[in-house]
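Letters A, B, ... are given to chains in the order of the sequence lines, protein chains preceding strands, and every chain is numbered from 1. Heavy-atom basis, side chains included; hydrogens, waters and symmetry copies ignored.
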Amino acid sequence: MNTDGKRIMLGHGSGGGLMHQLIRDVFFKIFDNPLLNSAGDAAVLPRRANMMAFTTDSFVVDPVFFPGGDIGKLAVCGTINDLVAAGANPFCLSAGFIIEEGFLVKDLETIVRSMATEAKNAGVFVAAGDTKVVERGKCDQLFINTSGIGYLADERTTWQQANPICPGDHIIITGSVGDHGMAVMAARNQPDNTTGFQSDCAPLSILFNELQDKSAGIKYMNDPTRGGLASSLCELTAKKEFGAAINEEAIPVKPNVKGLCDMLGFDPLYVANEGKMLIIAAYDKGHQLVGQLKQHPLGREACRIGTITRENPGMVLMRTKIGGTRIVNMLSGEQLPRIC
Amino acid sequence: MGRFDAYHSKVLCDHLCEQIHRLAKRPLRLMEVCGGHTMAIRKHGIPSLLPDIISLLSGPGCPVCVTSPSFIDQAIYLAGQSNMIICTYGDLLRVKGSNGSLEMARTEGKNVRVIFSALEALEMARREPEKMIIFLGIGFETTAPATAAVIIQAKKHAIRNFFVLSAHKLMAPAMEAIVSNDIPINGYICPGHVSAITGTSIYKKIVEDFRIGCVVSGFEPLDLLQTIFMLVRQAETDRPALDIQYSRVVKPWGNQKAIALMEEAFETVDDWWRGLGILNASGLKPKASYHEFDAAEVFQIPANNISDPEGCICGEILKGLQLPVDCRLFGKSCTPENPEGACMVSSEGSCQTYYHYEHRR
Ligand code: SF4
């Protein structure tokens with residue numbers, strides 16, 4: 001189909017010929033995989049010995065294209081990363097599209113193509129999908145929902161059950177924080193000058209596929225998306241018998257991200273990431289794990305940023321760059337709107 | 001290296017802290033009156049670096065914290081009139097009046113729009129001539145010049161559907177009121193941005209008549225520590241003075257252009273302050289020659305006098321007499337997600353900063 005200048009019309013979601021044409025020429029053609037191709041109303045999945053993880057997420061990022069990615073890449077990576085954080089190897093995804101009338105078919109193709117690329121990189125199938133079109137103004141360009149299924153790497157069900165966190169364990173981040181949120185903010189505020197900003201959006205299964213089994217020493221993972229690293233740490237320690245002590249100096253933040261944060265009055269600790277993982281590692285395995293992570297392009301800047309403590313249970317304490325101490329609390333008040 | 005990295009130097013900060021520890025002999029209460037300072041101090045963990053005898057207090061420097069609930073009621077009343085659109089800075093959205101906040105009014109379908117500059121409101125008036133655009137002017141001398149500028153513009157271009165509801169306030173009268181109320185303060189960490197506009201003459205009376213040191217400070221950790229050091233030295237040697245630590249931005253004569261804008265468009269009025277009551281010549285409203293742009297003059301807005309929610313001690317906190325943790329609502333019925341009082345609303349408010357950086361849940 002020649003899509004130059006063509007726009008999505010209400011008919012593309014009507015269930016009739018136009019819709020079938022769109023599904024055939026865009027979704028089937030680009031996602032092309034046996035699970036989807038054989039699909040009737042539902043995909044049928046294989047059964048495995050280990051437990052299954054299941055998650056869903058909706059994406060409404062504005063703008064839909066931003067430096068380092070687009071809404072499609074984000075939708076695939078976001079759901080994959082949620083599965084990875086649960087200790088699972090992602091297997092397949094579903095993708096639901098809500099498209100505003102008038103959206104360029106060419107842009108939709110670009111987005112679907114980047115979803116297919118990321119899924120392929122991560123060895124994941126897009127096994128089911130759906131499309132709806134709404135009148136102009138009833139949604140903003142394009143919203144995508146993805147759900148995902150993965151299989152756990154071993155017989156455990158939760159991280160805690162496998163290996164409880166204890167004082168002395170290492171707190172590790174796989175790279176610089178705040179990149180995604182600030183790339184989107186830059187694209188929104190200064191669309192002509194986003195040089196240097198790059199979302200970190202990436203499917204982390206590539207980084208973790210080899211590290212999910214117990215011998216690597218990972219006790220817990222959480223991908224610090226909305227609310228950033230600070231909120232993930234608060235979530236980790238809330239109502240627990242241990243606390244977290246982190247060191248501001250050790251937390252990697254890119255200079256341009258820091259600069260834009262200063263300008264807009266944000267704290268990079270609270271800014272979203274889409275390709276980073278917060279890890280708690282057994283104290284005797286932490287150093288080795290950082291070494292392993294560093295060997296992969298997605299973990300090159302991995303480092304230890306703190307320690308699990310017996311003191312201050314339920315709390316996150318940060319040693320600031322100037323040597324002061326302060327509490328890190330959940331994000332409250334205004335968040336950055338529509339960054340994922 | 002970021003622009004401000006030099007001002008985060010651990011070595012220099014250590015050095016200053018050491019000197020502060022050496023100098024400080026008696027209990028000192030230092031007050032900042034700028035939301036940016038409140039936040040920076042807590043964010044960098046500065047209190048944990050100081051001797052216990054030095055207390056840092058947050059005064060009435062956050063614009064949202066000092067805005068009266070009646071002002072919110074007036075804004076909501078206008079938002080409910082046909083054809084009117086209220087334009088506000090986002091901070092103000094969640095402050096409660098007697099009957100909910102502007103945010104709640106918006107969810108009920110009233111016309112409330114968030115903007116980032118006064119100019120945006122003026123442009124909206126140009127774009128939508130059939131609507132009446134009402135800009136809520138809040139803040140100190142930092143935001144007042146921008147409001148003055150748009151009022152002047154509106155007159156120049158005869159834009160008849162643009163109005164300002166002004167709650168602009170002046171910084172110095174509140175600082176003077178606090179010390180003349182015999183509230184013990186040993187030094188003021190003076191606001192960087194306000195002083196960049198006004199210059200330093202506004203603090204003269206505080207230094208000369210009340211003999212309280214005033215140092216205009218920047219916002220980086222090294223700035224704040226140096227300011228604290230200067231104030232401790234002044235207090236310990238009993239030589240209160242007017243100093244500018246933030247000299248890379250603030251000049252003693254301020255920003256003449258901005259001052260001229262304010263003088264052109266505004267006159268001073270007596271104004272209400274949370275905790276301090278009505279203070280003489282402490283607020284700004286459009287001058288008579290600009291009355292056609294003053295929402296308070298043009299529209300009949302019902303007046304009411306309402307007070308803060310039962311139990312809220314914002315007023316005492318803003319005077320430095322109590323701490324957020326002293327409030328029985330703090331962290332219980334009053335949280336950043338669900339603020340009761342004004343000090344919990346803004347990210348620069350003393351209750352919210354305290355909640356964020358020091359509250360042990
Ligand atoms: S905690 Fe809430 S109610 Fe209490 S003083 Fe602060 S703002 Fe007012």
Side-chain angles (χ1 to χ4, degrees), chain A residues 176 178 182 185 188-189 196 227 230-231 234-235 237-240 243 245-270 311-337, chain B residues 1-5 7-18 35-36 39-50 64 89-91 93-94 103 114 116 219-225 331 335-339 344-349 351-361:
Chain A
S176 58
M182 283 302 118
M185 286 311 277
R188 209 181 289 167
N189 290 328
S231 303
C234 292
E235 211 174 286
T237 51
K239 306 206 174 78
K240 299 287 167 37
I246 55 169
N247 186 352
E248 188 174 25
E249 191 81 68
I251 302 170
V253 184
K254 297 213 167 83
N256 58 348
V257 168
K258 168 93 175 47
L260 188 60
C261 276
D262 281 346
M263 216 171 90
L264 299 174
F266 294 122
D267 182 341
L269 277 190
Y270 291 89
E311 304 80 52
N312 306 304
M315 292 198 304
V316 182
L317 258 73
M318 181 162 86
R319 194 178 151 81
T320 65
K321 282 197 180 137
I322 60 165
T325 310
R326 70 154 160 101
I327 293 175
V328 175
N329 265 321
M330 260 321 175
L331 180 70
S332 47
E334 284 292 280
Q335 299 197 4
L336 301 176
Chain B
M1 275 260 169
R3 240 174 342 145
F4 298 123
D5 279 8
Y7 298 101
H8 290 247
S9 153
K10 170 112 181 21
V11 180
L12 294 177
C13 287
D14 280 352
H15 177 70
L16 275 168
C17 289
E18 229 170 82
M39 205 148 106
I41 285 172
R42 307 280 161 201
K43 184 172 157 191
H44 297 296
I46 288 179
S48 70
L49 294 170
L50 300 178
V64 173
Y89 295 128
D91 305 25
L93 269 189
R94 299 169 68 204
E103 189 177 45
V114 172
F116 295 92
F219 296 85
E220 303 301 326
L222 204 54
D223 290 326
L224 287 156
L225 285 171
T335 60
E337 291 75 23
N338 235 325
M344 192 60 98
V345 172
S346 155
S347 58
E348 298 187 341
C351 290
Q352 189 176 131
T353 22
Y354 214 90
Y355 186 91
H356 203 64
Y357 296 118
E358 294 196 24
H359 178 40
R360 296 176 171 252
R361 280 168 300 174

Distance col, row Ser48(B):OG vs Leu317(A):CG, nearest 0.5 angstrom, shows 9.5 Å
Between the OH atom in Tyr357(B) and the OG1 atom in Thr320(A), the distance rounded to the nearest 0.5 Å is 11.5 Å
So CG of Asp262(A) and CD of Glu220(B): to nearest 0.5 Å the spacing works out to 6.5 Å
Hits for salt bridge (Lys or Arg N to Asp or Glu O under 4.0 Å) against Glu358(B), two or more places apart or cross-chain, chain-then-number order -> Arg42(B)
Interatomic distance, OG1@Thr325(A) vs CG@Leu49(B), rounded to 0.5 Å, equals 7.0 Å
In terms of heavy-atom contacts, Ile322(A) and Ile46(B) come closest through CD1-CG1, 4.0 Å
NE2 of His356(B) to CZ of Arg326(A), rounded to nearest 0.5 Å, is 7.0 Å
Whatever's closer than 4.5 Å to a heavy atom in chain B on Asn256(A) counts as neither
Rounding to 0.5 Å, atoms CD1 (Ile327(A)) and OH (Tyr354(B)) come to a distance of 9.5 Å
